[in-house]
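Notes to accompany the following structure.
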Amino acid sequence: MISKALLLVTLFGASSTLCEGCTDGSLRFKIFKDDGTKRMRSCQWVVNKPSRCALDGVTSACPSTCGSCYNCQDSTLRFKVVKPDGRKIMRSCEWVANFNTFGRCSIDGVAQACRLTCDSCYEFPTPTSAPSRPPSPAPSPFPTARPSKVPSAAPSDLPSIYPSDMPSD
């Protein structure tokens, strides 16, 4: 299914990082305007007007800008791959997954477009079950009501420094 807002991606352009650890795709994409003309765009174009995230496929191409880092998905867009002989061919993430996935994911920009297939999703840190408390800078000025250690059931082998209130057998 092809819509007017279908974005075609090429492997040229710069990436944008607005969310630590999650990056926008380094891919440039073509957008079809209502009059049928095509324009080359990048995630920087989306940064300038975030409402552009509503266009089909933009959130998967620009996850940092569009706030979709948590959504690990492949791009729905078709993108241009430059073959070793210089020819450019249109491909999709299905093509990446179909054969030699590791090799195809290593093509510049493909792992960002096909995050799920290429196992390159952003992973949010796992929170701890309880907040950590830093140690206090100095000992407490107030003693505890009880000793911190329970007395042992058996006497020690070494003599103590102070005499005991209870003599041993």
Shortest non-hydrogen separation from [X] to [Y] and the atoms involved:
| X | Y | value |
| --- | --- | --- |
| Ser60 | Thr76 | OG-N, 3.7 Å |
| Asp24 | Ser64 | OD1-N, 2.7 Å |
| Val58 | Cys53 | CG1-CA, 3.8 Å |
| Ala113 | Cys93 | O-SG, 3.6 Å |

Keeping [X] on the side-chain end and [Y] on the backbone end, is there a donor-acceptor pair under 3.5 Å?
| X | Y | answer |
| --- | --- | --- |
| Ser106 | Gly103 | yes |
| Thr65 | Val47 | no |
| Arg104 | Phe99 | yes |

Atom pair [atom1] ([X]) and [atom2] ([Y]), whose distance is rounded to the nearest 0.5 Å:
| X | Y | atom1 | atom2 | result |
| --- | --- | --- | --- | --- |
| Cys118 | Asp74 | SG | CG | 7.0 Å |
| Arg52 | Thr59 | CZ | OG1 | 15.5 Å |
| Glu94 | Cys114 | CD | SG | 10.0 Å |
| Asn98 | Arg91 | CG | CZ | 10.0 Å |
| Thr117 | Trp95 | OG1 | CH2 | 12.0 Å |

**Prompt:** What about Phe102 and Val110, same hydrophobic cluster or not, with Ile/Leu/Val/Met/Phe/Trp/Tyr joined at side-chain heavy-atom distances under 4.5 Å?
**Reply:** no
Do [X] and [Y] have side chains that approach each other closer than 4.5 Å (heavy atoms only, starting at C-beta)?
| X | Y | answer |
| --- | --- | --- |
| Arg115 | Pro63 | yes |
| Phe79 | Val96 | yes |
| Thr23 | Gln112 | yes |
| Gln44 | Val46 | no |

**side-chain hydrogen bond (donor to acceptor under 3.5 Å, both in side chains) against Asn100, all qualifying residues, sequence neighbours excluded** = none
**Request:** Take Cys43 and Cys62 through the test disulfide (SG to SG under 2.5 Å) and record every step on the way to the result.
**Result:** CA-CA 6 Å; Cys43 290; Cys62 307; 2.1 Å; yes
